[in-house]
Amino acid sequence: MLDALLSTLAALWQQDFSVLQTPGSAVMIYCVVGTLIFLESGFIPAAPFPCDSVVVLSGTLAAVGVLHPISVFVLICLSAALGSWIGYLQGAWLNKLPRVQRWVNSVPTNRMNQVDALLGKHGLVALFCARFIPVVRSLLPLVMGMRANQVRQFHYFSWASASLWTLLLCSFGMLLPMLPEKISKYITAGLMAAPVVTLCLAISSILLIKLRKSSSQPIAEPIQEELFRK
């Protein structure tokens, strides 16, 4: 079981269709895809998971007959919506879950500012937009659970955004087999690297800002001491 799970994960990461198309691999692919989408949608530490590329690859596997199109669509929608609901509950129970507070504190400041801007300007519509932004789609439901108390509207926008996100990416994945193999692999690899690159850029920018503040602080302190002396 563990060997099959690891081989499926490796095949999804490497886009190894020779392994993914072996008889009997469909059940394991469904399990891995559903688990990845659920974790990435509901837990901040799983935000770097390349779930956009996983959804696109699922559409490609459905196009070549490995997966059933309707089954994979329902599975991804269900996993994404339930993951967002778990994120919302984490925000609502934040006072009882100190570990979640540490996860929020570890999020880069620019990402948090982006979430606040979306939530302040557009409210629940932001949940729909955030589904298409890596990292933010797992962070915004948690923030809404902390600051909003509109459960019905949350479910409406969560399911609507999950359905449209799945439909667009799966449809794009179904079109990939029509492209040359090298181009389709480059596109999938770019989608796979996007969340990791985005997170690394955000963390590096925060570190750069902190370094600038720490380098300017020793200069400011002597000036303040001189003013106090006067």
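One-based numbering along the sequence shown. For the numbers below, each heavy atom of this structure counts, side chains included, while hydrogens, waters and symmetry mates do not.
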Residue pair Asp52, Trp165: steps toward the side-chain contact (heavy atoms from CB on, under 4.5 Å) verdict: CA-CA 9 Å; Asp52 290 318; Trp165 177 67; 3.1 Å; yes
Treating Ile, Leu, Val, Met, Phe, Trp and Tyr as nodes and any side-chain heavy-atom pair under 4.5 angstrom as an edge, say whether [X] and [Y] lie in one connected cluster.
| X | Y | value |
| --- | --- | --- |
| Met28 | Val74 | no |
| Val64 | Val54 | yes |
| Leu169 | Leu36 | yes |
| Ile37 | Phe73 | no |

Flag, side chain of Gln90 to backbone of Phe43, donor-acceptor distance under 3.5 Å: no
Under 3.5 Å donor-acceptor, Ser138 side chain and Ile44 backbone: no
Counting C-beta onward and ignoring hydrogens, is there a side-chain heavy-atom pair between [X] and [Y] closer than 4.5 Å?
| X | Y | result |
| --- | --- | --- |
| Leu167 | Ser163 | no |
| Val55 | Phe172 | no |
| Arg131 | Phe157 | no |
| Tyr30 | Ile76 | no |

Once rounded to the nearest 0.5 Å, what's the spacing between atom [atom1] of [X] and atom [atom2] of [Y]?
| X | Y | atom1 | atom2 | answer |
| --- | --- | --- | --- | --- |
| Met174 | Leu61 | CE | CG | 10.0 Å |
| Leu140 | Phe154 | CG | CZ | 8.0 Å |
| Leu82 | Cys77 | CG | SG | 11.0 Å |
| Leu75 | Ile29 | CG | CD1 | 11.5 Å |

Trp159/Leu78 under side-chain contact (heavy atoms from CB on, under 4.5 Å): CA gap, chis, key distance, verdict: CA-CA 8 Å; Trp159 282 96; Leu78 183 64; 3.6 Å; yes
Closest non-hydrogen atom pair, [X] against [Y]:
| X | Y | result |
| --- | --- | --- |
| Arg137 | Ala130 | CB-O, 3.0 Å |
| Ala62 | Pro69 | CB-CA, 4.0 Å |
| Val72 | Ser58 | CG2-CB, 3.7 Å |

Option among Ser158, Ser161, Ser79 that satisfies the side-chain contact (heavy atoms from CB on, under 4.5 Å) test with Ser84: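 Of all the options given, the one that passes is Ser158.
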Tyr156 atom OH: more than 12 heavy-atom contacts under 6.0 Å: no
